[in-house]
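Read through the structure below, which is laid out as C-alpha cells, and then see the notes.
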Amino acid sequence: MGNARVFPGGAVDAADAGPSARSVVRWTGDPEEFDWRAAALREVAEEAGIVIGTGQPLEGVGAGAPAEAVYASAATSGVTFDADRLAYVGNWLTPLGMSRRFDTRFYFAVVDRDAEPSTDDREVFDAVWVRPQEAFAKGDSGEWAVELPTRTMLWLVDGFGSPDEAFAYAATVGSVDRIEPRIVLGDDGARVLLPSRGARR
C-alpha cells in the first residue's frame with residue numbers, strides 16, 4: 001500500500017517469539033498471543049518512535065530495523081514494552097487471488113497525551129495524530145489514500161467519545177471475527193471490495 005495512510009505495523013518476525021523479546025516485553029495473557037503483541041509494540045517503536053510501556057523512545061532504531069536490533073536497543077536503554085496495554089480488536093486477511101496475502105491484527109492502545117510520533121522519512125513519513133472524521137474527509141477528497149481496513153478501524157474508533165472509552169470497550173471484546181474481503185466485479189466491470197466474516201482468531 002505505497003503512499004497509503006496506515007497505522008504502524010509490519011510482519012511478525014521469528015525474533016518476536018524469542019528470548020530477546022521475552023526479556024523486554026511484558027505480557028500476562030495467553031502465551032499464544034505473545035509474538036503478535038511483541039511485533040505490534042516493536043513496529044510502533046520502529047515506525048512511529050513511540051514506546052508503549054516504560055522508557056524513552058529508542059535511539060538509532062528506525063523503520064525496517066531488524067527485530068533483534070530493536071529488542072537489543074530496548075534492553076540497553078532500559079525499555080520495557082507493555083503488551084497488556086494493547087487490546088485486540090480486528091483481524092483482516094487479504095482476499096483470495098492476490099499475489100501476496102497478509103493476516104493482519106489490529107490493536108487499540110492509549111498512549112501519553114504528549115507522545116510525539118517520529119519517522120525515518122524513508123520507509124515511513126509524515127506521521128500525524130488524526131481524528132477519524134479528518135481522515136475520512138481527506139480520504140474522500142483524494143488527498144489521502146485510506147484503504148478499507150484502515151477506514152473500518154477508524155469507524156470503530158469514531159463511535160467513542162474519548163480514547164479511554166474506546167479502550168475500555170476494546171478490553172471487553174472476547175473473540176475477534178476474521179474479516180476476509182472478497183473481490184467482485186461491479187455492473188460497470190470495476191473491481192469492488194466487499195468484506196465478509198469468517199473464522200474467529
Side-chain angles (χ1 to χ4, degrees), residues 1 4 6-55 57-58 61-75 79-96 98 100-111 115 117 123-124 127 147-157 163 166-181 195-201:
M1 291 188 182
V6 298
F7 303 112
V12 175
D13 189 276
D16 295 318
S20 297
R22 294 184 184 281
S23 70
V24 295
V25 177
R26 174 181 179 272
W27 171 232
T28 61
D30 183 352
E32 294 296 320
E33 292 187 41
F34 181 87
D35 53 344
W36 288 91
R37 290 172 178 264
L41 294 164
R42 172 179 58 78
E43 290 286 351
V44 171
E46 282 180 38
E47 296 190 349
I50 293 175
V51 169
I52 298 176
T54 59
L58 302 179
V61 175
E68 284 285 6
V70 177
Y71 295 127
S73 178
V79 164
T80 298
F81 295 112
D82 191 353
D84 288 339
R85 287 176 56 182
L86 301 179
Y88 177 35
V89 294
N91 178 212
W92 284 66
L93 182 64
T94 309
L96 283 169
M98 303 295 287
R100 297 179 68 189
R101 303 189 73 199
F102 301 93
D103 186 353
T104 304
R105 294 192 178 193
F106 291 91
Y107 297 91
F108 280 178
V110 177
V111 300
E123 179 180 338
V124 179
E147 302 295 339
L148 182 59
T150 305
R151 281 181 178 264
T152 301
M153 292 299 107
L154 288 169
W155 284 327
L156 181 57
V157 173
F167 189 83
Y169 158 78
T172 68
V173 173
S175 297
V176 172
D177 288 333
R178 168 177 283 172
I179 299 176
E180 184 176 352
S196 61
R197 292 188 179 275
R200 292 188 172 189
R201 292 290 182 268

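Side-chain atoms are counted along with the backbone in the values below, which use heavy atoms only and exclude waters and symmetry mates.
- The two residues Ala39 and Ala11 have their closest heavy-atom pair at CB-O, 4.4 Å.
- For the pair Arg37 and Tyr107, the NZ or CZ position fails the cation-pi test of under 6.0 Å to the six-membered ring centre and within 45 degrees of the ring normal.
- Remark: side-chain polar atoms of Asp82 are not paired, donor with acceptor, to backbone N or O of Val25 under 3.5 angstrom.
- Rounding to the nearest 0.5 angstrom, the gap separating the CZ atom in Phe167 from the OG1 atom in Thr172 is 10.5 Å.
- Rounded to the nearest 0.5 angstrom, Met153 CE and Thr104 OG1 are separated by 10.5 Å.
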Any chance you could lay out the side-chain contact (heavy atoms from CB on, under 4.5 Å) test for Tyr71 and Asp16, step after step, and finish with the verdict? CA-CA 9 Å; Tyr71 295 127; Asp16 295 318; 2.5 Å; yes
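- Minimum heavy-atom separation, Gly29 to Asp84: N-OD1, 4.3 Å.
- Between Arg85 and Val110, every side-chain heavy-atom pair lies at or beyond the 4.5 Å cut-off.
- Between Tyr169 and Leu156 there is a side-chain heavy-atom pair separated by less than 4.5 Å.
- Shown here for Ala171 and Ala87, the closest heavy-atom pair between the two residues is N-CB, 4.1 Å.
- Looking at heavy atoms from C-beta onward, Phe34 lies in side-chain contact with Arg22 at the 4.5 angstrom threshold.
- How far OG1 of Thr150 is from CH2 of Trp92: 9.0 Å, rounded to the nearest 0.5 Å.
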Pair Val157-Phe108, side-chain contact (heavy atoms from CB on, under 4.5 Å): steps then yes or no: CA-CA 9 Å; Val157 173; Phe108 280 178; 3.5 Å; yes
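- Using a 4.5 Å heavy-atom cutoff, the side chains of Arg42 and Asp13 are in contact.
- Across all their heavy atoms, Ala4 and Glu147 have their closest contact at CB-CG, 4.5 Å.
- Shortest non-hydrogen contact noted between Leu58 and Ala74 is CD2-CA, 3.8 Å.
- Within the 4.5 Å cutoff, the side chain of Val51 has heavy atoms near those of the Phe81 side chain.
- Judged purely by atom type and a 3.5 angstrom limit, Arg178 has no side-chain atom pairing as donor or acceptor with the backbone of Asn91.
- Looking only at side-chain heavy atoms (C-beta outward), Tyr88 and Val173 stay at 4.5 Å or farther from each other.
- Looking at Thr152, its side chain does come within 3.5 Å of a backbone N or O of Leu148 through a donor-acceptor pair.
- A donor-acceptor distance shorter than 3.5 angstrom exists from the side chain of Ser23 to the backbone of Ser20, with no hydrogens or angles considered.
- Using modelled atom types, one side-chain atom of Thr94 and one backbone atom of Phe102 make a donor-acceptor pair closer than 3.5 Å.
- Ala15 and Ala67 get closest at one heavy-atom pair: CB-CB, 3.8 Å.
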Run the side-chain contact (heavy atoms from CB on, under 4.5 Å) test on Val79 and Val24 for me, step by step, so that the C-alpha distance in whole Å, both residues' side-chain angles and the decisive distance to 0.1 Å come before the verdict. CA-CA 7 Å; Val79 164; Val24 295; over 6 Å; no
